[in-house]
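Quantities reported herein were computed from a predicted structural model and do not represent experimental measurements.
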Amino acid sequence: MLVSELKQELEKYDKKELIKIAAELYKRVSKAKKEEYQIDEFIKDFKLQTKPQEKKVSLSDLQNEILEFLSDVDQGYYASPNRKVSKKERSGCRFKVKRYYKELISYDAGSMEGVLATDLLIEIYKRISRGSNYLLFANWETFRAIGVSQYEYSNMLFTRILNRGHSENTLKKCIGLLGLPSEPYESLSRDVYDTFISHLVSSDDKRFVIQVLMEKVEELSNTKKEYEKQRKQTFYLKEEINDCTMCILDISILLGEIDKGIKYYHKYYDYSTAEVNEYVLLEELERYELYSEWIQEYERHSLDYRDTLQEKYKKFKCKTFN
């Protein structure tokens, strides 16, 4: 049934009947779908969402509004009760961010206004990413709240940034978006790295990114050592080092420098035990269908491998040498 046909059918019913229809339809929607599409929030804030669209403001005015919003976010005004931002504004924050996102992506990335729009989108992205792990907003599932996944948002940013060309500056700007927190239930940090890698078109791009990431790993490792001396939490530093290391491994594989990538991986990747670290590496080699390298890596270490790896070893051994 088309929406126009649906409207015609609904016009046949009075208010009480429409309420019954809505209630029955609501019951038929699964809990997972209600959460995914934020049905409860949609119903509660329906009037707010369906009010007439305001005239599009100038980018200059929008920039001022966004910068004030970001400042309020940084000061924690959207996380807890305060006199600056009302409860209604805090609860409706996602609609504000949705509007910013929609208006900013409408500017051509290659134009002067588009460059400014991209920079503002980056700043919003940083807050939304951080807000998925730290108390910045009322909702922890920040990307889901605005209806755009972190993968989709980051891919859009990489595309807009590199629209200006694959220079050292634009590549560094993209690298600056890697390692940001991601929503825990999605485990998207690796997906963000993968989509970034997909934008690297030349060997020069790939080698430059490896160089910058290696410098970043070195800096993070030194910071991690200092934190350990001071008995500070190093979990997120460790995660970022591991993600950067995996990214370097992947790019090295794409360059055909597999041994270099594996050697670097062994030097810096540290998830937990030696067997788990090796498991992660073998899974990555399998992802690229590097079965000979998989077997060599498996045989190089005398570890008590889990049953699944032992079975894969037998399978790949037969596949490679038969």
Look at Glu68 together with Lys84 and state whether they make a salt bridge at an N to O cut-off of under 4.0 Å.
yes
Looking at Glu168 and Lys173, is any side-chain nitrogen of the basic one under 4.0 Å from a carboxylate oxygen of the acidic one?
no
Are the side chain of Asn82 and the backbone of Ser80 linked by a donor-acceptor contact shorter than 3.5 Å?
yes
From the list Thr118, Asp119, Asn155, side-chain hydrogen bond (donor to acceptor under 3.5 Å, both in side chains) partner of Arg160 resolves to Thr118
Less than 4.0 angstrom from a charged side-chain N to a carboxylate O is my criterion; do Glu123 and Arg127 meet it?
yes
Under 4.0 Å between a Lys/Arg side-chain N and an Asp/Glu carboxylate O for Asp74 and Arg130?
no
With rounding to the nearest 0.5 angstrom, report the CG to CG distance, Leu10 to Leu18.
6.0 Å
For the pair Tyr125 and Phe143, evaluate ring-ring contact (aromatic ring centres under 6.0 Å, His included) and give the outcome as yes or no after the intermediate values.
CA-CA 9 Å; Tyr125 177 79; Phe143 286 97; 5.8 Å; yes
Find out whether Ile146 and Ile128 are in side-chain contact, i.e. whether some heavy atom of one side chain is under 4.5 Å from a heavy atom of the other.
yes
Please determine whether a side-chain nitrogen of the Lys or Arg among Glu17 and Lys12 lies less than 4.0 Å from a carboxylate oxygen of the Asp or Glu.
no
Any chance the side chains of Gln75 and Ser71 put a donor and an acceptor closer than 3.5 Å?
yes
Hey, does Glu65 have a side-chain heavy atom less than 4.5 Å from the side chain of Arg99?
yes
Taking the six-membered ring for Trp, are Tyr298 and Tyr305 closer than 6.0 Å centroid to centroid?
yes
Determine all donor-acceptor pairs shorter than 3.5 Å in which one atom belongs to a side chain in residues 259-267; sequence neighbours excluded.
{"unit_1": "Tyr265", "atom_1": "OH", "unit_2": "Asn277", "atom_2": "O", "d": "2.5"}
{"unit_1": "Tyr265", "atom_1": "OH", "unit_2": "Leu281", "atom_2": "N", "d": "3.4"}
{"unit_1": "His266", "atom_1": "NE2", "unit_2": "Glu297", "atom_2": "OE2", "d": "2.7"}

Do Val115 and Arg164 have side chains that get closer than 4.5 Å, going by heavy atoms?
yes
Is it the case that one hydrophobic cluster holds both Leu255 and Leu285, taking links as side-chain heavy atoms less than 4.5 Å apart, direct or via other members?
yes
Do Glu141 and Arg94 meet the salt-bridge criterion of a basic N to acidic O distance under 4.0 Å?
no
Pair Arg300 + Glu278: basic N to acidic O under 4.0 Å:
no
Taking the side chain as C-beta and beyond, is there a heavy-atom pair between Ser202 and Asp205 under 4.5 Å?
yes
Are Phe69 and Tyr100 near enough that their ring centres are under 6.0 Å apart?
yes
Strictly below 4.0 Å, N to O, side chains only: are Asp14 and Lys20 in salt-bridge contact?
no
Could you pull out all residues at least two apart from Leu254 that satisfy side-chain contact (heavy atoms from CB on, under 4.5 Å)?
Ile197, Lys206, Tyr288
Any side-chain heavy atom of Phe208 sitting closer than 4.5 Å to one from His166?
no
For the pair Lys216 and Glu219, find out whether any cationic side-chain nitrogen is under 4.0 Å from an anionic carboxylate oxygen.
no
Validate the cation-pi geometry between Arg90 and Tyr77: distance from NZ or CZ to the six-membered ring centre under 6.0 Å, angle to the ring axis within 45°.
no
Do Arg190 and Tyr193 form a cation-pi contact, if we require the NZ or CZ to be under 6.0 Å from the six-membered ring centre and within 45 degrees of the ring's axis?
no
Could you tell me whether Glu226 and Lys232 have a side-chain N and a carboxylate O separated by less than 4.0 Å?
no
Can you confirm whether or not the ring centre of Tyr153 sits under 6.0 Å from the ring centre of Tyr101?
yes
CD1 (Ile124) and CD1 (Ile66) are apart, to the nearest 0.5 Å, by 4.5 Å
